[in-house]
Amino acid sequence: MKVSLFVTCLSEMFYQNVAKDVVEVLERLGCDIDFPKGQICCGQPAYNSGYRKDAQKAAKQMIDSFENSEYIVTPSGSCAAMFKEYPELLKDDPKWHARAQATADKTYEFTQFIVHVLKIEDVGAEYPARATYHTSCHMTRLLKETDAPSLLLANVKGLYMLPLANNYDCCGFGGTFAVKMAPISEQMVDEKVRHIEESTADLLIAADNGCMMNIKGRIDRTGKPIEVKHIAQILNSQTAEGGN
């Protein structure tokens, strides 16, 4: 099965190891990975800020870049959800609308692809830890994926999952929201961190780099002894020490 990696801006700039883990997991599951070099930002920051023309320009570049892909997989539910917006974004452009729909239809978030396309729920991972999982807004509310991460984590050997109170609450990132509404964002992430502490978990797992960056940043600044990792890092772990 041929898969094109949509790496996302945050993975490219800050979390290259997450992208590496995504590739290694998918290759282990039998996928042939390529990386279209024409890919850029998906256009979500512009789209969410009301700059529709700029978002359309980004969308067209991405559609061109992934035109020949069989499947598009990304380690971010948020960015995958933006690809699903392309048909609406380009609905008034007959030249691009059908291509936008084709791109949207073959785009999947990483865990969603493993569970729903590859039909795999156990990737053979091992990661001994007491952990809890942050449910990201865009992945659940826009992409409407609620089961795949939990199904995969339930089969990680040695991983003990703890419930997270109010897991449906936003962490406060929201892309440009964290910049434009910083005081509100700070209060939201403080509440999220408090619930993580109350869970007694030593590790927070997230499936979106934006959420992970925001929560980890607050945890680090407040000196909390809690690790934060992307789900790809957990699923790519196969040793008793919890490393790759």
Side-chain angles (χ1 to χ4, degrees), residues 4-15 18-19 36-67 69 72-110 112 134-146 166 168-192 206-218 230:
S4 296
L5 175 66
F6 167 32
V7 70
T8 78
C9 300
L10 291 181
S11 286
E12 183 176 14
M13 298 300 294
F14 301 110
Y15 297 111
V18 170
K37 294 184 178 179
Q39 61 182 285
I40 57 171
C41 175
C42 64
Q44 186 180 135
Y47 184 68
N48 290 347
S49 298
Y51 296 101
R52 192 175 181 90
K53 289 184 178 179
D54 290 332
Q56 289 172 336
K57 184 177 179 181
K60 290 175 182 179
Q61 175 64 31
M62 294 298 264
I63 292 167
D64 269 337
S65 298
F66 290 95
E67 185 82 47
S69 300
I72 304 166
V73 175
T74 178
S76 168
S78 178
C79 295
M82 184 62 205
F83 269 42
K84 302 297 186 181
E85 296 287 348
Y86 284 178
E88 190 282 331
L89 182 64
L90 296 168
K91 64 182 179 181
D92 296 325
D93 191 331
K95 178 183 175 181
W96 286 93
H97 182 259
R99 295 174 67 192
Q101 188 65 60
T103 300
D105 290 344
K106 61 185 177 182
T107 298
Y108 296 87
E109 181 272 334
F110 171 60
Q112 182 184 52
H134 165 65
T135 306
S136 64
C137 298
H138 284 185
M139 188 165 171
T140 55
R141 295 182 175 93
L142 299 183
L143 198 59
K144 301 189 185 304
E145 180 54 61
T146 58
N166 293 1
Y168 46 79
D169 282 352
C170 177
C171 72
F173 181 63
T176 56
F177 175 82
V179 177
K180 295 179 178 179
M181 302 289 183
I184 299 175
S185 174
E186 182 179 317
Q187 293 179 53
M188 293 169 72
V189 74
D190 277 341
E191 183 176 36
K192 179 65 67 173
D208 194 300
N209 285 329
C211 300
M212 189 169 79
M213 181 173 67
N214 194 47
I215 298 170
K216 178 173 170 51
R218 195 59 178 166
H230 191 278

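Looking at Ser49, its side chain never comes within 3.5 Å of a backbone N or O of Ala46 through a donor-acceptor pair. Proximity of a side-chain donor or acceptor of Gln61 to a complementary backbone N or O of Gly38 within less than 3.5 Å is detected. A donor-acceptor pair under 3.5 Å is absent between the side-chain atoms of Lys60 and the main chain of Ala100, judged by distance alone. Between the side chain of Gln56 and the main chain of Leu89, a donor-acceptor pair closer than 3.5 Å is present. Listed for the Ser69 side chain is no donor-acceptor partner under 3.5 Å among the backbone atoms of Ser4. Side-chain N or O atoms of Asp208 include one that pairs as donor or acceptor with a backbone N or O of Ser78 at under 3.5 Å. Looking at Thr8, its side chain does come within 3.5 Å of a backbone N or O of Ser11 through a donor-acceptor pair. For the pair Gln39 (side chain) and Pro36 (backbone), a donor-acceptor distance under 3.5 Å is present. Not a single donor-acceptor pair under 3.5 Å links the side chain of His230 to the backbone N or O of Met212. Using modelled atom types, no side-chain atom of Lys106 and backbone atom of Ile72 make a donor-acceptor pair closer than 3.5 Å.
Distance check: Met139 CE to Cys211 SG gives 10.0 Å after rounding to the nearest 0.5 Å. A distance of 9.5 Å separates SG in Cys79 from NE2 in His138, rounded to the nearest 0.5 Å. Rounded to the nearest 0.5 Å, atoms CE (Met82) and OG1 (Thr74) are 13.0 Å apart. Between Phe173 atom CZ and Asn214 atom CG the span is 6.5 Å, to the nearest 0.5 Å. Here OG of Ser76 is found 6.5 Å from CG of Asn209. Values are rounded to the nearest 0.5 Å. Rounding to the nearest 0.5 Å places OG1 of Thr135 at 11.0 Å from OH of Tyr168.
Salt bridge annotation for Asp169-Lys192: absent, with no cationic side-chain nitrogen under 4.0 angstrom from a carboxylate oxygen. In this structure, Glu109 does not pair ionically with Lys144, as no charged nitrogen and carboxylate oxygen lie closer than 4.0 Å. Using a 4.0 Å cut-off between charged side-chain N and carboxylate O, Asp64 and Arg99 make a salt bridge.
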Could you go through Phe83 and Cys42, starting from their C-alpha distance and side-chain angles, then the distance that decides it, and tell me whether this counts as side-chain contact (heavy atoms from CB on, under 4.5 Å)? CA-CA 7 Å; Phe83 269 42; Cys42 64; 3.9 Å; yes
Evaluate Met62 against Phe6 for side-chain contact (heavy atoms from CB on, under 4.5 Å), listing each step before the verdict. CA-CA 9 Å; Met62 294 298 264; Phe6 167 32; 3.2 Å; yes
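Using a 4.5 Å cut-off on side-chain heavy atoms (C-beta onward), Glu145 and Thr140 make no contact.
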